[in-house]
J.: 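One structure is given below, represented as structure tokens, and several questions about it will come after.
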Amino acid sequence: MSKSGLIYYRDLIRELVLRDIRVRYKRSVLGFAWTLANPLLYLVVFYFVFKMALEINIPRFGVFAFTGIIVWNWFQSSLAQSGSAIVGNRELVRSPGFPPDILPLVTVTSNLVNLLVAIVVLTGYQLTLGSGIHSQILFLPLLVGLQFVLILSLAYVVAGINVVFRDLGHLVVVLLQLMFFMTPIFYDASMIPDKYQALYRLNPMVHFVEAYRSVLLGQSGINWWAIGTIGIISLVLLMFGRSLFIRHSHRFAEEI
Amino acid sequence: MTVPIRVVGLRKSFRRKHMLNPGTLKEAFVSRLRRFDSSEEFLALDQVDLEVRQGEIVGVIGRNGAGKSTLLRLIGGVGLPDDGQILVHGKIGALLELGAGFHPELTGRENIFVNGVISGLTRAEVAHRFGDIVAFSELEESIDNPLRTYSSGMQLRLAFSISVHTSPDILLIDEVLAVGDLAFQQKCLERIEHFRRKGCAILIVSHDIEQVKTVCDRVIWLRDGKIAAFGEPQGVVDQYERAMLLETERRRHADVPARRTRTGRELRIDENRKGTMEMEIVDVQLQDIRGLPIAELKKGKALVVVIAYTTRKTIRSPIFSLTISDENGETFLDTNTEQLDMPDIDQDTVANVHLERIDLPAGDYFVDVGAYAQNWGHVYDYHWHVYPLLVAADAKRDSSLHTPPRWELLPANAQDREPVIEDSNKV
């Protein structure tokens with residue numbers, strides 16, 4: 001892509017992400033504070049149900065669950081919204097010179113903003129509590145980058161296929177709801193019986209959630225082998241998914 | 001010197017959306033089991049060749065569905081042709097989807113940036129031209145209000161203003177020049193002329209035949225996806241209009257009985273009446289402001305024309321027209337419903353046209369009424385010089401403040417129900 005093309009791409013992403021964020025919070029009472037209110041509300045309910053009622057024994061349950069929630073939310077929201085990334089932007093796709101492959105990218109990026117805000121708050125909380133930050137936090141950008149690749153690769157697949165088969169978006173939402181329970185958000189992965197561990201760990205989000213906990217809360221080490229493998233597979237999936245997406249993108253204008 | 005736009009042997013067909021086309025995974029799964037072949041091809045463009053040179057304006061005319069928008073989009077790079085070549089040199093600016101990226105919750109200012117970047121400007125360029133864009137659109141007052149508070153006319157003005165502040169080498173315009181009031185349209189045409197003088201190659205789709213004749217250097221007539229004529233505007237337009245007339249004749253119902261008006265005048269086809277009669281004008285009454293029927297009016301007084309339409313089938317968004325002409329055929333007043341959001345008509349309908357002041361010199365006039373298909377495609381019914389109106393002199397000299405005529409549509413058998421559509425000429 002030429003230099004002017006890159007600037008166009010960059011400005012376009014910026015304007016569309018800004019548009020997404022502004023629109024989401026324009027007329028809400030809480031406004032941008034809703035970014036935090038959402039995970040915090042989940043946390044309150046989880047704390048009551050899992051920590052207190054079901055007595056799941058995890059030290060410092062609050063930050064434990066909060067980390068899981070915000071990492072999962074990025075994954076879940078991006079994929080749930082990617083279904084409509086193309087079909088919901090008809091006039092954009094039909095505008096000459098508009099690159100439709102930018103739309104799933106915008107979706108993932110605007111949801112990333114939510115995660116970053118939450119991480120800042122969480123880290124601030126850790127500091128005030130005195131638990132401090134650990135050197136492992138330096139790995140955070142790498143972790144975010146790898147998760148970005150994972151989510152984006154899936155987003156291209158969902159966004160593209162949903163143009164032709166409109167029920168895929170709904171199917172994805174249901175699958176995500178189920179996958180929520182298969183990810184250690186409000187419980188620890190060690191609570192899964194040994195014979196199911198291998199199967200359980202096929203879920204890439206298991207490894208990401210654990211890695212984030214390690215980086216943000218200093219809990220145990222990062223499983224680099226797992227993360228690295230996921231990273232490579234995601235990269236391959238991204239390249240393949242994106243090129244497939246672009247190859248068929250000329251049909252999008254007609255199909256929506 | 002390379003030609004900015006060059007199209008050779010362009011062919012494009014669409015798979016018509018069939019009920020049997022799998023639109024969901026479930027349907028695809030089921031149809032695989034039953035081996036349904038559900039494709040139905042529709043040829044939108046067939047062997048189209050054209051060229052647009054630098055500093056040239058080429059117009060594209062034709063009926064709805066003739067392939068004009070498809071042609072423009074393909075040249076703009078949206079979608080791929082099935083056959084043929086599209087060779088484009090230069091940066092493309094398009095007035096195709098006006099306001100792409102607009103969101104009603106964002107302010108005008110925020111929307112300018114979104115749409116400006118989508119239209120190909122960098123953010124820095126949008127910031128630099130921001131003042132000009134706002135000034136051109138005449139929306140300084142409301143620029144920081146949310147877009148949903150804008151009327152549709154204001155939104156279109158904003159979108160148009162952004163588009164004309166890009167710097168394209170090629171401009172593709174799809175029927176969007178009828179935006180805003182006459183003064184704004186004039187500004188837009190001047191901008192287009194400005195682009196032309198800078199060497200921009202302009203391709204414009206329009207239904208305004210008059211505009212196409214005056215503005216364009218060459219005109220293409222597209223009929224059913226094929227080029228029916230390409231060349232000098234006057235020549236192509238003449239051919240097009242001749243064909244339209246023949247079309248009207250061809251569709252006519254031969255068994256329509258000669259009608260008489262309520263005043264006893266006989267309506268005779270080809271003498272004072274023409275049209276396909278798919279929709280008919282069955283009654284025209286001239287009334288004064290109190291609703292009493294008249295045939296004579298004092299200059300400056302209000303006139304209400306009540307027109308009754310009947311239809312044999314559902315008519316999509318017709319255009320109703322009313323003109324006042326004198327005995328020599330010179331037109332003094334011309335109003336129609338083209339700018340209104342007309343519904344589909346499937347029942348007997350009555351239109352009340354309110355003319356606040358008839359400021360005509362004293363004399364004999366006729367009220368001519370017409371019903372046309374969408375976009376003036378063909379004539380359903382037209383009564384010419386059938387309904388007389390005598391304008392009497394008035395000694396008083398008042399200043400004439402011209403209020404635009406007001407159209408009001410009602411279902412025929414419920415005069416006191418809510419009007420189906422009302423126009424107060426707001427923009």
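In what follows, chains carry the letters A, B, and so on, assigned in the order in which the sequence lines appear, proteins first and then strands, with residues in each chain numbered from 1.
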J.: Let me confirm one number: the CG-CZ distance from A:L18 to B:R123, rounded to the nearest 0.5 Å.
T.: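 Here the rounded value is 7.0 Å.
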J.: Using a strict cut-off of less than 4.0 Å between a Lys/Arg side-chain nitrogen and an Asp/Glu carboxylate oxygen, indicate whether A:R22 and B:E105 qualify as a salt bridge.
T.: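 No, this pair does not count.
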J.: Do you know which of B:P146, B:G120, B:A100 has the most heavy-atom pairs under 4.5 Å to chain A?
T.: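 Top count of heavy-atom pairs under 4.5 Å with chain A: B:A100.
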J.: Which heavy-atom pair separates B:V78 from A:R94 by the least distance, and what is that distance?
T.: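 In this case the closest contact between B:V78 and A:R94 is CG2-O, 3.6 Å.
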J.: For B:R191, I'd like to know if atom CZ has over 12 heavy atoms of other residues, nucleotides or ligands within 6.0 Å.
T.: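 More than 12 within 6.0 Å, yes.
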J.: Might you confirm whether atom CG of B:D224 has over 12 heavy atoms from other residues, nucleotides or ligands at distances under 6.0 Å?
T.: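 No, not enclosed.
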J.: Please enumerate all residues that pass salt bridge (charged side-chain N to carboxylate O under 4.0 Å, His left out) together with B:R129, with sequence neighbours excluded.
T.: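 B:R129: no salt bridge (charged side-chain N to carboxylate O under 4.0 Å, His left out) contacts found.
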J.: So, using ring pair (Phe, Tyr, Trp, His ring centres under 6.0 Å) as the criterion, who are the partners of B:F130 when residues are at least two apart?
T.: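 Ring pair (Phe, Tyr, Trp, His ring centres under 6.0 Å) list for B:F130, sorted by chain: B:F113.
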J.: Just so I understand: if I count every heavy-atom pair under 4.5 Å between each of B:L72, B:L106, B:I92 and chain A, which residue has the most?
T.: B:L106
J.: Can you tell me how far CZ of A:R10 sits from OG1 of B:T122, rounded to the nearest 0.5 angstrom?
T.: 8.0 Å
J.: Counting heavy atoms not belonging to B:H194, are there more than 12 under 6.0 Å from its NE2?
T.: yes
J.: Look at A:L16, A:N89, A:V23, A:L12 and state which one has the largest set of heavy-atom pairs under 4.5 Å with chain B.
T.: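 Max contact count across the listed options: A:V23.
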J.: Would you say CZ of B:F195 has more than 12 non-hydrogen atoms from neighbouring residues, nucleotides or ligands within 6.0 angstrom?
T.: yes
J.: When you measure from the side chain of A:E91 to the backbone N and O of B:G101, does any donor-acceptor pair fall under 3.5 Å?
T.: yes
J.: Return the CD1 to CG distance between B:I118 and A:L92, rounded to the nearest 0.5 Å.
T.: 4.5 Å
